[in-house]
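The analysis underlying the following values was restricted to heavy atoms, covering all of them including side chains, and did not include hydrogens, waters or symmetry mates.
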Amino acid sequence: MIERFAAIADIHGNADALSAVLADIDMLGVSEIIGLGDYFSGPLDAEGTARILSDRPMRAIRGNHDRYLISEAPGNMGVSDRIAFDQLPDSAMHWLEGMSPFLSLGEDLLACHGTPYDDNDFWAETMDQDGRVTLKEQDQIEDIADNLPHKLFLCGHSHLPRVTQMSGGRLLVNPGSVGCPDYKDGIPLPDKVKAGGAHASYAVLEHGGDGWRVDLRLVPYDSTRMASLARGHGREDRTSAVERGLA
């Protein structure tokens, strides 16, 4: 079992937010990292993000947008996926192709992007027909884990940092988004997620005698370059998100 590690998710091509998070991880002396997917897609700096990640060993799983990058024809991709696809070197694509959609470490830990069964589904949140994202009922959250033996579950996808206590001492942790705190999407329904701030978000987890201690960390960084790249791609929503946390 890993006793101490950092969990990062949903970088979405924000190389400068990633650099700030990795600097914070190094400052804390954390050597193990688990990546929860969606590393590149976005109108920012996918190539720079790939370069940073290539120098940082980690246990990494694939997210839904990573799956789109390696499975969709470029002409069928969404705008953010296509921008990233055009930037990424072959080495980054091969990295994604070699990933599993989940990571299981015995009965201690299970990591996935959305849920263990669907990388495009929220684990702890639900979305109504108007696109409003709210917290699920406790039994709905626990139902997803009911047939799984693990004690600690990691997920991303919603971009919302959250720690959810479940029965039997089980824990669900979403570290939030490194590089895209707020976003608008149209899959599977039009939705808008707001984390409420522009900080880069991640989590540090440490196992002790009484269970897992979770430190949800919000890291400030200079978003000027990322905002300029988003604006240059005609994405004012992403410009506003990285500048102010308001998509």
| His157 versus Asp121, closest heavy-atom pair with distance | CD2-O, 3.5 Å
| Taking the side chain as C-beta and beyond, is there a heavy-atom pair between His207 and Lys151 under 4.5 Å? | no
| request: Return yes when atom CD of Glu3 has more than 12 non-hydrogen atoms of other residues, nucleotides or ligands closer than 6.0 Å, and no otherwise. | output: yes
| field | Residue pair Leu69 / Met93: nearest heavy atoms and the distance that separates them | value | O-CE, 3.2 Å
| query | If every non-hydrogen atom of Trp123 is compared with every non-hydrogen atom of Pro116, which pair is closest and at what distance? | reply | CZ3-CD, 3.4 Å
| query | Quick one: are Cys155 and Cys112 in side-chain contact, heavy atoms under 4.5 Å? | reply | yes
| Among Lys136, Arg170, Gln138, side-chain contact (heavy atoms from CB on, under 4.5 Å) partner for Thr164 | Gln138
| Do the side chains of Pro181 and His159 get nearer than 4.5 Å, heavy atoms only? | no
| request: Identify the heavy atoms of Pro175 and Leu216 that sit nearest to each other, and give their distance. | output: CA-CD2, 4.2 Å
| request: With sequence neighbours excluded, tell me which residues meet side-chain hydrogen bond (donor to acceptor under 3.5 Å, both in side chains) with Asp222. | output: Thr224
| If we ignore angles and hydrogens, is there a donor and acceptor under 3.5 Å between the side chains of Thr126 and Gln140? | no
| request: Could you tell me which non-hydrogen atom of Leu171 sits nearest to which non-hydrogen atom of Gln165, and how far apart they are? | output: CD1-OE1, 3.7 Å
| query | Is there side-chain contact between Arg56 and Leu22, with heavy atoms separated by less than 4.5 Å? | reply | yes
| Side chain Asp45, main chain Asn14, donor-acceptor under 3.5 Å | no
| query | Looking at His233, His12, Arg235, which one forms a side chain to side chain donor-acceptor pair (under 3.5 Å) with Ser80? | reply | Arg235
| message | Using the rule that Ile, Leu, Val, Met, Phe, Trp and Tyr join whenever any side-chain heavy atoms are under 4.5 Å apart, tell me whether Val242 and Leu229 fall into a single cluster. | response | yes
| field | Electrostatic pair Asp55-Arg51, nearest N-O below 4.0 angstrom | value | no
| query | So do Ile141 and Leu135 actually touch side chain to side chain, heavy atoms under 4.5 Å? | reply | yes
| Is there side-chain contact between Tyr39 and Leu18, with heavy atoms separated by less than 4.5 Å? | no
| note | Closest non-hydrogen atoms of Met166 and Glu142, given as atom of the first, atom of the second and distance, are CA-OE2, 3.5 Å
| Taking atom CG of Asp146 as the centre, does the number of heavy atoms from other residues, nucleotides or ligands within less than 6.0 Å exceed 12? | yes
Under 3.5 Å, which donor-acceptor pairs do the side chains of residues 101-111 form with other protein atoms, sequence neighbours left out?
residue	atom	partner	partner atom	Å
Ser104	OG	Gly106	O	3.3
Ser104	OG	His150	NE2	2.8

| Output field: ring centroids Phe153/Trp212 closer than 6.0 Å | no
| said: By the definition side chain to side chain donor-acceptor pair (under 3.5 Å), identify the one residue from Asp24, Asp10, Asp215 that meets it with Tyr202. | reply: Asp24
Could you list the donor-acceptor pairs under 3.5 angstrom formed by side chains in residues 31-38, with sequence neighbours left out?
residue	atom	partner	partner atom	Å
Asp38	OD1	Asn64	N	3.3
Asp38	OD1	His65	N	2.9
Asp38	OD2	His113	NE2	3.2

